[in-house]
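Here's the structure we're looking at; comments come further down.
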Amino acid sequence: MRLACLSLCGVCVCVCVYACALLYRQVFCALCSNLKFRLTHLDGKEGRVCVCCHSTLVKSEHRFPSNSRILSSGTPPRGKRRVWFADDILANKQSASAPTTPVRGFSPLMRRALGGMVRSPVGSPQIRREACGPYGWGTTALVSSSANLIPQDGLPPILTSTGVKGDYTVEEQPSEVLLIQELESGRPKPLVFVLNANLLAMVKLVNYVNRKCWCVTTKGMHAVGQVEVVLLLQCLPEEKSFPKDIFSHIIQLYRDTLTGKVVKHLSLSLFGTSFLGSEEHAGFLYIRSTLQSLQGLPLPNQPYLFGLLVHRAELAWAKAFPLRLMLRLGAEYRFYPCPLYSVRFRKPLFGEIGHTIMRLLMDFRNYRYSLPMVPGLTVDLEAQRTCIKIPTTGYNELMKALNKSNEHVLAIGACFNETADSHLICVQGDDGQYQTQAISIHNQPRKVTGSCFFIFSSALKASAGYHAKSSIVEDGLMVQITVETMAELRRSLRDMKDYSVTCGRLDQSDSQELVCVQWVEEKCSVNIGVMSPIDGKSMESTCSTKMFQKSEYKENGKIIRWTEVFFLQRGNPLKGGVTDSAEHDRLTERIARAFCLALCPHLKLLKEDGMAKLGLRVAFDSQEVGFVAGSNGLPLPAQYMNALDSVLIPVIHSRGRKRGDEPIVMELIFYILENIS
């Protein structure tokens, strides 16, 4: 019978084969037409298609290669598996501001708060996809669901572009010799290794400040609330193999993040055993780049940190006082304030702790306490004048340090002073003694020198003949004052008032020095380069909090995670109590949970369409509330906004409104990931 050998078209899916055959004569038996094409709704598998659909699919693939979700036909080479991405995985551009849906029925205040976009019933425009890296993989990705794809021997799987934007093959057990040759021949783009379905490592050989270095960057850490990591490793002479241990350490960082353990500026990650060929390599110290050159480095999207290799003998300083080690590395390699690259098998810069003033301020045995730090606090050392600058945003941290300190001693660690042209450092000699030195920016006159800490001690006797005494101790400032002056200083700090101490002999007014404690309104230098996925709004100087959920929201092999909340505008914390703050936190958690549950049925489609990073902006004021959700710089399409309306609106309105409430605007960030074991 003729109909028995007819096949359905995998695209138009004709219900009546007989009618399709008679009317269109384009569904044929396998002998007459064996046309097939890789289809998205079949998870990238080949399906039989009719002649008309095959012709249309081939034309659309050539016409719209960047947005196409259809795989090219043909069989990949042996040892390689084809995988499709929502966009070019090697692109490194943030989405720019996009046209917005006009606000209807909201006050000008709410329009400004939500950035000009709210829930709108009109159809959403076509989504512009963001180069979202590993969290932009479609369901056609044929990598294993294992949490670690690094083999016992050899290299992890590698991605190779087919030449069509967004179309890749996955090659398992790649040849290390061939890859090294490719890198040494000047390959312009990094090699992309797949460490798991959500995490990539980009590897390239670079010439950085006249040094040949391995440059390994991560892509995928943001999706679990971690910063991306850049590891620059100076090559060994005639090195012909990859530094494979770095891959395993990146996997360990990823696993640690899932438990809430993240790396921050001047934090440390440790190796369990021998690393990169030596037991003396103890871990990485992570730092933000400040004044160093970044030219020629393939960098991930912000935020990211550089990892510096720490010698085992330096471990105590890396844990207790990392700024001292960071600046000491800068002096060793003549790089201000420190190098961004690491050197293997180098000599340690510190030995036994020995005799140092830090023994009085830190616990080097169990690390139960250390020198308190106030974010943003810096020390300016100038001729005849020293200024300790405390940002007003650091008041709470300063009060904690003040309350815990001994009544006769106030010691606080400072941050690296980016506005200074030089910095005090501490060098330990071969005899174990500590010496004070300074490093400075090359070819720049020294006017302001930074300090790593300051100490006020009330050990000065009134009969000593001094107003106060100041001196440099190791890489910090020591000021000896009287008991009465200490009491006045503490009172001024609690009242957030400036205070000055005159140092020098009572009978020598011409050689006196001034030490000033100043409160400053400092711009919060956080989230530099971070953009909102809703409308491309810059998040620079906007405070945020990382979130680590106790539960995950899973559906169809995907997971949605709430990773961060940005506070675009929030009320004065001094006007509300702890109860108000706790209620606000609970409301935020309820909003995040409702958002995740509403989108759970759509996770697979969202991720396939390149919308794996999502933003939800919610605004409250005393009169009205509103929200907007988006991805890649545009609002979410109507079908997703409809799903959000039914669950988010009741939760948002449950907050209630009171007269006098200050406006609150916050933005929650979510990522859709593959569910890996």
Side-chain angles (χ1 to χ4, degrees), residues 147-156 176 179-180 183 190-191 193-196 199-206 208 211-221 226-259 261-287 304-320 322 325-326 328-329 332-333 338-351 367:
N148 187 351
L149 297 179
I150 304 173
Q152 291 283 350
D153 298 311
L155 297 171
E176 183 171 23
L179 292 182
I180 293 289
L183 287 175
L191 296 172
F193 290 94
V194 185
L195 305 188
N196 66 41
L199 182 62
L200 305 178
M202 330 286 274
V203 181
K204 187 179 180 182
L205 283 176
V206 298
Y208 179 69
R211 287 171 173 83
K212 183 181 178 183
C213 297
W214 294 101
C215 182
V216 182
T217 63
T218 62
K219 201 162 193 177
M221 292 290 195
Q226 177 70 280
V227 297
E228 302 293 350
V229 170
V230 182
L231 301 172
L232 271 175
L233 198 65
Q234 184 170 316
C235 292
L236 300 174
E238 305 300 323
E239 187 170 21
K240 297 297 181 182
S241 61
F242 284 84
K244 303 183 188 69
D245 287 353
I246 288 181
F247 295 144
S248 299
H249 190 64
I250 291 173
I251 285 285
Q252 187 58 51
L253 287 179
Y254 188 87
R255 287 173 174 167
D256 289 345
T257 305
L258 299 179
T259 65
K261 182 181 178 182
V262 298
V263 296
K264 302 176 182 178
H265 176 57
L266 293 180
S267 69
L268 185 68
S269 67
L270 300 175
F271 314 138
T273 56
S274 175
F275 188 78
L276 295 174
S278 174
E279 295 279 354
E280 300 302 324
H281 298 151
F284 281 116
L285 176 66
Y286 293 94
I287 62 161
Y304 57 83
L305 294 174
F306 285 84
L308 301 180
L309 200 57
V310 175
H311 194 284
R312 195 162 299 279
E314 302 161 352
L315 207 50
W317 291 111
K319 290 180 178 180
L325 176 59
M326 184 192 91
R328 178 66 183 88
L329 283 165
E332 182 69 15
Y333 293 99
C338 70
L340 298 179
Y341 59 89
S342 297
V343 178
R344 288 168 279 180
F345 310 109
R346 62 175 175 81
K347 293 182 179 180
L349 302 181
F350 292 99
Y367 303 101

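For Asp256, the side-chain hydrogen bond (donor to acceptor under 3.5 Å, both in side chains) criterion is met by Gln252, not counting sequence neighbours. Residues meeting the side chain to side chain contact (heavy atoms under 4.5 Å, CB included) test with Val227, sequence neighbours left out: Val263, Pro303, Leu305. Under the rule for a salt bridge (charged side-chain N to carboxylate O under 4.0 Å, His left out), Lys261 has no partner lying at least two apart in sequence or in another chain. Every residue was checked against the side chain to side chain contact (heavy atoms under 4.5 Å, CB included) condition with Pro151, not counting sequence neighbours, and none meets it. Residues meeting the side chain to side chain contact (heavy atoms under 4.5 Å, CB included) test with Ala147, sequence neighbours left out: Ile676. For Arg211, there are no salt bridge (charged side-chain N to carboxylate O under 4.0 Å, His left out) partners two or more places apart in sequence or in a different chain. Take Lys240 and apply the salt bridge (charged side-chain N to carboxylate O under 4.0 Å, His left out) test, not counting sequence neighbours, and it matches Glu184. The side-chain hydrogen bond (donor to acceptor under 3.5 Å, both in side chains) search around Thr217 returns none, not counting sequence neighbours. Under the rule for a side chain to side chain contact (heavy atoms under 4.5 Å, CB included), the partners of Tyr333 that lie at least two apart in sequence or sit in another chain are Leu329, Pro339, Tyr341, Val343, Arg346. Every ring-ring contact (aromatic ring centres under 6.0 Å, His included) that Phe345 has, sequence neighbours left out, goes to His281. When the salt bridge (charged side-chain N to carboxylate O under 4.0 Å, His left out) test is applied to Glu332, the partners found at least two apart in sequence or on another chain are Arg328.
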Tabulate below the donor-acceptor pairs under 3.5 Å that side-chain atoms of residues 268-275 make, not counting sequence neighbours, or state none.
from: Ser269; atom 1: OG; to: His249; atom 2: NE2; distance (Å): 2.8
from: Ser269; atom 1: OG; to: Tyr286; atom 2: OH; distance (Å): 3.0
from: Ser274; atom 1: OG; to: Ser278; atom 2: N; distance (Å): 3.4

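Atom CG of residue Asn148 and atom CG of residue Leu199 lie 9.5 Å apart, to the nearest 0.5 angstrom. Within the model, atoms CG of Leu233 and CZ of Phe242 stand 13.0 Å from one another, a figure rounded to the nearest 0.5 Å.
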* Take Ile250 and Phe193 through the test side chain to side chain contact (heavy atoms under 4.5 Å, CB included) and record every step on the way to the result. => CA-CA 12 Å; Ile250 291 173; Phe193 290 94; over 6 Å; no
* To do: Tell me, with the steps shown, if Phe284 and Leu309 meet side chain to side chain contact (heavy atoms under 4.5 Å, CB included).
  => CA-CA 5 Å; Phe284 281 116; Leu309 200 57; 3.8 Å; yes
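A donor-acceptor contact shorter than 3.5 Å is absent between the side chain of Glu176 and the backbone of Ser241. One N or O on the side chain of Arg312 and one on the backbone of Glu279 form a donor-acceptor pair closer than 3.5 Å. Under the 3.5 Å distance criterion, the side-chain polar atoms of Gln234 are left unmatched by any main-chain donor or acceptor of Lys212.
A pairwise comparison of heavy atoms in Gly154 and Lys244 identifies O-CD, 3.8 Å as the closest pair. Summarising the geometry of Lys347 relative to His311, their closest heavy-atom pair is C-CD2, 4.4 Å, with the distance given to 0.1 Å.
Of the candidates Leu231, Ile287, Val230, Ile287 is the only one forming a side-chain contact (heavy atoms from CB on, under 4.5 Å) with Leu340.
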